[in-house]
Amino acid sequence: MMEASKKYRVIDSHAHMGPIWNFYLPYNNEYQMLDNMDRLGVDTVVFSSNMAISGDPVRGNQYTLDVCRRHPGRFLGQYMVNPNYPELFDEEVPEYFSHKEIVGFKVHPELSGDYPLDGKNYEKMFRYASEHHIPILSHTYFGGDRLSVFEELAKEYPEAPLIIGHGAMDLGTGKCIELCNRYSNLYYDLCSPVNKRYGALTMVDQELNPDKALYGTDGPWNDPAVSLGSVLLSGIDPQKLEKWFSGNFLRLYTRAAAAFAD
C-alpha cells in the first residue's frame, strides 16, 4: 500500500495520541504512530491529545506541543478547547498559537460534559478562529450537537472554518454533504465514511464539492491502514484524491506552511 500512497502527499488531518484513562488503546504513542506512518506512506498526522480531551487540558495540550516539536513536519497539533475551563483560553491560546506547530482547534462537546457547541464558553474560540482563520474540528455523532447547530454557527461566524468531524455519521451523510456544499466555511471530515459506513465514500465522491473534504482517520481509535486502503482502492479520480489527501488541508490550514518550511 505504501507504493500506492506515495503517489500522493498524505496528511491525516484527524487523529489523536496518548493514553486515555478508561480504554485499552494500542499504538497510541508517538513512536508507534510514526512506525505506522512510515509503513503506510503517511507524511504528516494532525492530532489532539487524548489527555486533553478526556481529563486534563493543561497537560494534554502541552503534550501535543512537545510531540510536535520533537518531530518537525511529521506531527502538527490541534489545541483542545474544553469549555468547562474558560479561564484557560485567555491564558493559553495566544501562547500556543505563537508556535507554528499548532495549526487548529479541536473540540469534543460530548466529552466536555455535553456542553453545546453554540454555548457561551465557545464564543471566544469562534471569534479567535474568525480573526486568525484557524480551522475548528468538532466531534459529531452518537449524541451531541445536531446539524442545525453547525448551520447556525456557519452563519454567525462566516470567517471561521468549521470541520464537521466524522462526517456527522449518524446525522445523515447526505444532509451533511448538502450543508457543506451550501456554506463556504463548512468542511467534511472523511474519517468515519472511510471506516464505518458502507457506500458513504461513494456518496461523498458523487455529491460533495471536491474542495470541501479532508482526509482523516481518527487513529489510533480506527486503524489508519483500513482508512488509507479504503480511499486508495476506491477508484475515485486521482485528482480528487490529491485534494482529499493534502490539497484541501494545505489550502485551509494556512498556518501549516510555516511548520513545513523547515
Working to the nearest 0.5 Å, report the span between [atom1] of [X] and [atom2] of [Y].
{"X": "Leu250", "Y": "Asn248", "atom1": "CG", "atom2": "CG", "result": "9.0 Å"}
{"X": "Leu228", "Y": "Thr217", "atom1": "CG", "atom2": "OG1", "result": "9.5 Å"}
{"X": "Leu65", "Y": "Arg70", "atom1": "CG", "atom2": "CZ", "result": "9.5 Å"}
{"X": "Ser227", "Y": "Asp12", "atom1": "OG", "atom2": "CG", "result": "7.5 Å"}
{"X": "Leu171", "Y": "Ser148", "atom1": "CG", "atom2": "OG", "result": "9.0 Å"}
{"X": "Glu30", "Y": "Cys68", "atom1": "CD", "atom2": "SG", "result": "9.5 Å"}

Check side chain to side chain donor-acceptor pair (under 3.5 Å) between Asn185 and all other residues, then give those that pass, not counting sequence neighbours. none
I'd like to check [X] versus [Y] (side-chain heavy atoms, cut-off strictly below 4.5 Å). Are they in contact?
{"X": "Ile11", "Y": "Phe260", "result": "yes"}
{"X": "Val67", "Y": "Glu101", "result": "no"}
{"X": "Val46", "Y": "Phe249", "result": "yes"}
{"X": "Leu214", "Y": "Trp244", "result": "no"}
{"X": "Asn181", "Y": "Ile177", "result": "yes"}
{"X": "Tyr188", "Y": "Thr173", "result": "yes"}
{"X": "Met51", "Y": "Met80", "result": "no"}
{"X": "Cys180", "Y": "Leu208", "result": "yes"}

So which atom in [X] and which in [Y] form the shortest heavy-atom distance, rounded to 0.1 Å?
{"X": "Ala259", "Y": "Leu76", "result": "CB-CD2, 3.4 Å"}
{"X": "Leu241", "Y": "Val231", "result": "CD2-CG1, 3.5 Å"}
{"X": "Pro19", "Y": "Asn50", "result": "O-CB, 3.5 Å"}
{"X": "Leu137", "Y": "Ile163", "result": "CD1-CG2, 3.6 Å"}
{"X": "Lys106", "Y": "Ser48", "result": "CG-OG, 3.5 Å"}
{"X": "Ser112", "Y": "Asn84", "result": "O-ND2, 3.0 Å"}

Can you sort out the partners of [X] under ring pair (Phe, Tyr, Trp, His ring centres under 6.0 Å), two or more places apart, ordered by chain and number?
{"X": "Phe47", "result": "Phe75"}
{"X": "His108", "result": "His139"}
{"X": "Tyr157", "result": "Phe126"}
{"X": "Phe97", "result": "Phe105, Tyr128"}

Quick check with a 6.0 Å cut-off and a 45 degree axis cone: is Arg182 positioned over the face of Phe150's six-membered ring? no
Ring center gap for [X] and [Y] short of 6.0 angstrom:
{"X": "Tyr115", "Y": "Tyr122", "answer": "yes"}
{"X": "Tyr253", "Y": "His133", "answer": "no"}
{"X": "Phe23", "Y": "Trp221", "answer": "yes"}

Hey, could you give me each pair passing salt bridge (charged side-chain N to carboxylate O under 4.0 Å, His left out) that has a residue in [range]? Not counting sequence neighbours.
{"range": "residues 53-67", "answer": "none"}
{"range": "residues 228-239", "answer": "none"}
{"range": "residues 72-82", "answer": "Asp38-Arg74"}

Going by the rule salt bridge (Lys or Arg N to Asp or Glu O under 4.0 Å), which residues pair with [X] if we only count those two or more places apart in sequence or in a different chain?
{"X": "Arg255", "value": "none"}
{"X": "Asp118", "value": "none"}
{"X": "Glu123", "value": "Arg127"}
{"X": "Lys212", "value": "none"}

Walk me through whether Asp211 and Arg251 qualify under side-chain contact (heavy atoms from CB on, under 4.5 Å). CA-CA 9 Å; Asp211 294 331; Arg251 178 174 48 80; 3.5 Å; yes
Could you give me the CA-CA distance, side-chain angles and deciding distance for Tyr187 and Leu252, then say whether side-chain contact (heavy atoms from CB on, under 4.5 Å) is met? CA-CA 10 Å; Tyr187 293 84; Leu252 183 62; 3.7 Å; yes
Verify the distance criterion only: is there a donor paired with an acceptor across the side chains of Gln32 and Asn29 at less than 3.5 Å? yes
Going through the distances and angles, do His99 and Tyr79 end up as a ring-ring contact (aromatic ring centres under 6.0 Å, His included)? CA-CA 11 Å; His99 299 283; Tyr79 179 89; over 10 Å; no
Determine whether a donor-acceptor pair (N or O, by modelled atom type, separation under 3.5 Å) exists between the side chain of [X] and the backbone of [Y].
{"X": "Asn61", "Y": "Pro57", "answer": "yes"}
{"X": "Lys243", "Y": "Ala213", "answer": "no"}
{"X": "Asp90", "Y": "Glu87", "answer": "no"}

Does CD belonging to Glu159 count more than 12 external heavy atoms closer than 6.0 Å? no
Atom CD of Gln239 with >12 non-hydrogen neighbours under 6.0 angstrom: no
Do [X] and [Y] land in one hydrophobic cluster if side-chain heavy atoms of ILVMFWY residues count as linked below 4.5 Å?
{"X": "Leu111", "Y": "Met125", "answer": "no"}
{"X": "Leu117", "Y": "Ile53", "answer": "no"}
{"X": "Tyr27", "Y": "Val10", "answer": "no"}

Start with the C-alpha distance between Asp189 and His166, add both sets of side-chain angles, then the distance that settles side-chain hydrogen bond (donor to acceptor under 3.5 Å, both in side chains), and finish with yes or no. CA-CA 5 Å; Asp189 170 36; His166 303 279; 4.9 Å; no
Do Glu152 and Lys155 meet the salt-bridge criterion of a basic N to acidic O distance under 4.0 Å? yes
Pick one: which of Leu232, Val42, Asp43 meets side chain to side chain contact (heavy atoms under 4.5 Å, CB included) with Phe245? Leu232
Checking side-chain contact (heavy atoms from CB on, under 4.5 Å) for the pair Leu201/Leu190: CA distance, chi angles, key distance, verdict? CA-CA 8 Å; Leu201 196 61; Leu190 287 165; 4.0 Å; yes
